[in-house]
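Everything on this sheet refers to the single structure shown next.
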Amino acid sequence: MPAEGTSDIPPIETVYVNNLNERINKEELKKSLYAIFSQFGPILDVVARKTYRMRGQAFVVFRDITAATQAVRQLQGFPFYDQPMKLTYAKAKSDATAKLDGTFELKQKAERQAKRKAEREARAAAELAAKTAGSKRGADEAAGDEHGSGKRGRTGSEPALPVAPSAMPVAPSLSTQPAGPNPILFVENLPAEVNAMMLSMLFQQFPGYKEVRLVPGKAGIAFVEFEDENQSGAAKRGLQGFKITPQNLMQVSFAKR
DNA sequence: AGCACA
């Protein structure tokens with residue numbers, strides 16, 4: 001018998017993530033996922049819903065399958081908000097992918113047709129039932145009213161992450177007067193809503209990581225401390241220009257002291 | 001555990 005492999009799902013651009021911490025709010029979750037996954041390649045979309053059925057899970061849509069594969073392997077079990085992430089490929093192609101490869105229109109058309117057909121059949125069945133019942137008893141038990149198709153998933157704002165521009169080489173930063181190497185990094189151009197957890201997830205991957213400090217009054221900047229300047233230097237190079245959101249390229253320099 | 005997207 002086929003040994004139970006965790007990956008009997010064929011590779012696809014989308015990574016299905018589960019065992020996510022369900023207490024994290026959706027927008028933050030999406031941003032954090034974007035932040036740690038984008039190191040593997042351009043991300044087209046991150047989908048997460050908080051419905052009963054979908055909570056604790058998310059879909060990270062890469063442009064390329066190779067990036068998805070890297071992510072599945074390297075982030076498997078990664079401690080994310082205190083829970084090890086579980087990763088597999090998604091079972092079905094994401095809409096973002098379908099939009100790129102041109103199959104989205106076809107899919108929509110097929111869905112519309114299927115829906116129409118189902119409606120037609122349901123109507124036919126109802127008519128038949130009514131006729132049968134009517135001819136036998138004359139009772140008026142026809143037409144069961146059908147509730148349940150009111151799918152309004154609108155939770156107010158729906159600022160799904162815009163399609164990330166394709167992989168562009170990290171722009172060299174024109175820092176003014178760079179401070180000399182030291183164990184503390186200065187990080188700029190962060191999204192305002194960034195928090196220590198999100199940042200620590202990025203920086204803790206580098207050896208010697210000690211802590212991240214946000215500056216209470218000031219949005220968009222942070223300090224990250226390492227054991228020594230070699231380690232801070234490695235993290236600096238590794239995360240320079242990192243796209244923490246589609247529109248925020250992190251700027252990392254040595255802190256002035 | 002749980003595979004969605006307007």
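In what follows, chains carry the letters A, B, and so on, assigned in the order in which the sequence lines appear, proteins first and then strands, with residues in each chain numbered from 1. FYI, side chains are in, hydrogens and waters are out, and symmetry mates aren't considered; it's all heavy atoms of this structure. Because the structure is a prediction, the values reported are computed rather than measured.
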Rounded to the nearest Å, what distance is computed from the [atom1] atom of residue [X] to the [atom2] atom of nucleotide [N]?
{"X": "A:K30", "N": "B:dA4", "atom1": "NZ", "atom2": "P", "value": "15 Å"}
{"X": "A:L33", "N": "B:dA4", "atom1": "CG", "atom2": "P", "value": "17 Å"}
{"X": "A:R55", "N": "B:dA1", "atom1": "CZ", "atom2": "C1'", "value": "13 Å"}
{"X": "A:Q83", "N": "B:dG2", "atom1": "CD", "atom2": "C1'", "value": "14 Å"}
{"X": "A:K26", "N": "B:dC5", "atom1": "NZ", "atom2": "P", "value": "10 Å"}
{"X": "A:R112", "N": "B:dA6", "atom1": "CZ", "atom2": "C1'", "value": "11 Å"}
{"X": "A:M54", "N": "B:dA4", "atom1": "CE", "atom2": "P", "value": "4 Å"}
{"X": "A:K91", "N": "B:dC5", "atom1": "NZ", "atom2": "P", "value": "15 Å"}

Residue A:E22, side-chain heavy atoms: nucleotide from B:dC5, B:dG2, B:dC3 that is nearest
B:dG2

Kindly state which residues belonging to residues 13-21 of chain A come within less than 4.0 angstrom of DNA chain B, counting heavy atoms of the residue only, listed by number.
A:Y16, A:N18, A:N19

Just so I know, are the side chains of A:K31 and A:E28 near enough to count as touching, which here means a heavy-atom distance under 4.5 Å?
no

Mind checking who shares a hydrophobic cluster with A:L106, ILVMFWY linked at side-chain heavy-atom distances under 4.5 Å?
none

Test question: given the 4.5 Å side-chain rule for I, L, V, M, F, W and Y, name all other residues clustered with A:Y16, or answer none.
A:V47, A:F59

Check: A:F186 ring centroid to A:F254 ring centroid under 6.0 Å
no

Could you tell me whether A:K86 contacts a base, only the sugar-phosphate backbone, or nothing, with contacts defined as non-hydrogen atoms closer than 4.0 Å?
nothing

Is there a stack between A:Y52 and B:dG2, judged by ring centres under 5.5 Å and planes under 30°?
no

Any side-chain donor paired with an acceptor under 3.5 Å for A:D64 and A:T66?
no

Donor-acceptor pair under 3.5 Å: do we get one between A:T51's side chain and the base of B:dA4?
no

So, is A:R53 near the phosphate of B:dA4, with a side-chain N or O under 4.0 Å from OP1 or OP2?
yes

Under 30°, 30 to 60°, or over 60°: which ring-plane class applies to A:F226 and A:Y209, parallel, tilted or perpendicular?
perpendicular

Does the distance from a Lys or Arg side-chain N to an Asp or Glu carboxylate O, for A:R213 and A:E211, drop under 4.0 Å?
yes

